[in-house]
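First the structure, in the form of structure tokens, and then the observations on it.
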Protein chains: 2
Amino acid sequence: MARAERRRRTEEAILAAARRQFGEAGYERTSIRAVAAEAGIDPALVMQLFGNKESLYSAAAALGVELDVLKAATVDELAATAAAHLFAVFEDPGDRAGAEALLRSCLTHPAAGAALRDQVMAPTQAAVAETIGGDDGDLRAAVLNACTLGVTIARYLLRDPVLAAADRAALEAILQPALDAVIDPGRAAP
Amino acid sequence: MARAERRRRTEEAILAAARRQFGEAGYERTSIRAVAAEAGIDPALVMQLFGNKESLYSAAAALGVELDVLKAATVDELAATAAAHLFAVFEDPGDRAGAEALLRSCLTHPAAGAALRDQVMAPTQAAVAETIGGDDGDLRAAVLNACTLGVTIARYLLRDPVLAAADRAALEAILQPALDAVIDPGRAAP
DNA sequence: ATGCTCGGTCAACACGTGTAGAGTGAACCT
DNA sequence: AGGTTCACTCTACACGTGTTGACCGAGCAT
């Protein structure tokens, strides 16, 4: 087999195993040995390819926010867009693994917390705050973010029985009016 | 000094140090040696008094929910009561340390996650679902719980700059209508 | 064909961890 | 006052971890 292709495959195998384990058990409880075992290679190879555990984690954990879509939304669409985006990430198996890897450790691993705060929540809030407007737009954006974060965590990470079993439409039907209340799009109207 | 009193004090010193460190760094990154050092005693004494690390954590991590207050609330009071309770816990320095110790590790430590789910969220949801009523009362209660959890985590654990800096009244003013939208107290009215 | 590159393995180190057991000296009981 | 209890310390073990450097053999260029 070609060398380049072979390398790409094992690199991806390592990343997939890493995402799965980081996402399921968190940073601390995931060992390089276990990741290597799942990927079917030697632990030392992980080091050679990714440098150290921290870098492996950085490469594995990722939560992509589609800022463009969010920025394009009007005040009235905001709640629906935010809710839809949340589910979109967690229904795509590819995106989901990385997102879980990030969220799982966001409270216990400093780098994960910082990444979530600075690269996910802050930009989102900035975008949302702008379309919300008003002098408490920042705060409303932050609360909106916190609520979607809470639902995500409870449903996908904590696996609250009720929330995990609920279907997407029912959940959206309840969540969306709540997010709209946070945004309060009518507060500037006459 | 009296022996009993002395013991009580060191036990409390250990617990205080444990709560602080578990709450700040999480279960895995907190070592018995570090807790003992902060309490000014020998690591082995922690083992003698608490058995093992897991038991120490159980003794230190606690999030008390006042179910009676919650159950006594009417549908219209529910949102305000839930929000008020959230802040009450995190403003009492005594309660807060234990609550942080639980929440910090709820995503990465299985026992913490189970405790939060079974001993905090489930009873709360049951109580809230009953006063909400309707056939989707469970789901609404779960969403309400998830939102308050999200705000709590973002403000006190993740320390989102905007949320952490916001004052309680402003936050409540935004959060409460949102929770009310989740509850939707008017949906049965004519 | 030959010499180099590089994906991959093996064995080992250094370290921090949770935990166990023997020991000590002051507070307690009688 | 003397024997016992008990809070407390010291030392050490066993283990899993991240990480390293030497080594091997198939793919590549010439």
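Convention: sequence-line order gives letters A, B, ...; per-chain numbering from 1.
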Are the side chain of R19(A) and the backbone of G98(A) linked by a donor-acceptor contact shorter than 3.5 Å?
no
When you check the phosphate oxygens OP1 and OP2 of dA27(C), does a side-chain N or O of R7(B) lie under 4.0 Å from one of them?
no
Does a sphere of radius 6.0 Å around CD in E54(B) hold more than 12 heavy atoms from other residues, nucleotides or ligands, not counting ones at 6.0 Å or beyond?
yes
State plainly whether the residues R8(A) and E11(A) are in salt-bridge range, i.e. N to O under 4.0 Å.
no
Is there a donor-acceptor pair under 3.5 Å between the side chain of S105(B) and the backbone N or O of L102(B)?
no
To the nearest angstrom, how far is R6(B) atom CZ from dA27(C) atom P?
8 Å
Students often mix this up, so state it plainly: with edges at 30° and 60°, are the rings of Y156(B) and F90(B) parallel, tilted or perpendicular?
parallel
Using whole Å, report how far CD of E12(B) lies from C1' of dA7(D).
17 Å
Interatomic distance where CD belongs to E5(B) and P belongs to dC6(D) [whole Å]:
17 Å
Tell me: CG of L45(B) to P of dC10(D), nearest whole Å?
12 Å
Under 4.0 Å from OP1 or OP2 of dA7(D): is there any side-chain N or O of T10(B) that close?
no
Below 4.0 Å: OP1/OP2 of dA7(D) and any side-chain N or O of R8(B):
no
So which nucleotide from dG8(C), dT9(D), dA27(C) ends up closest to the side chain of R3(B)?
dA27(C)
Can you list, pair by pair, the side-chain donor-acceptor contacts under 3.5 Å of residues 164-172 of chain B, counting residues two or more places apart and other chains?
| from | atom 1 | to | atom 2 | distance (Å) |
| --- | --- | --- | --- | --- |
| D167(B) | OD1 | A169(B) | N | 3.2 |
| D167(B) | OD1 | A170(B) | N | 2.9 |
| R168(B) | NE | E172(B) | OE1 | 3.1 |
| R168(B) | NH1 | E91(B) | OE1 | 3.2 |

Calculate the interatomic distance between Q48(A) atom CD and dT5(C) atom P; express it in whole Å.
15 Å
Got a list of protein N/O to nucleotides 16-20 of chain D N/O distances below 3.5 Å?
| from | atom 1 | to | atom 2 | distance (Å) |
| --- | --- | --- | --- | --- |
| dG18(D) | OP1 | K53(A) | NZ | 3.0 |
| dG18(D) | OP2 | I32(A) | N | 3.1 |
| dG18(D) | N7 | R33(A) | NH1 | 2.7 |
| dG18(D) | O6 | R33(A) | NH2 | 3.1 |
| dT19(D) | OP2 | K53(A) | N | 2.8 |

L49(B) near the nucleic acid: base, sugar-phosphate alone, or nothing, with a heavy-atom cut-off under 4.0 Å?
nothing
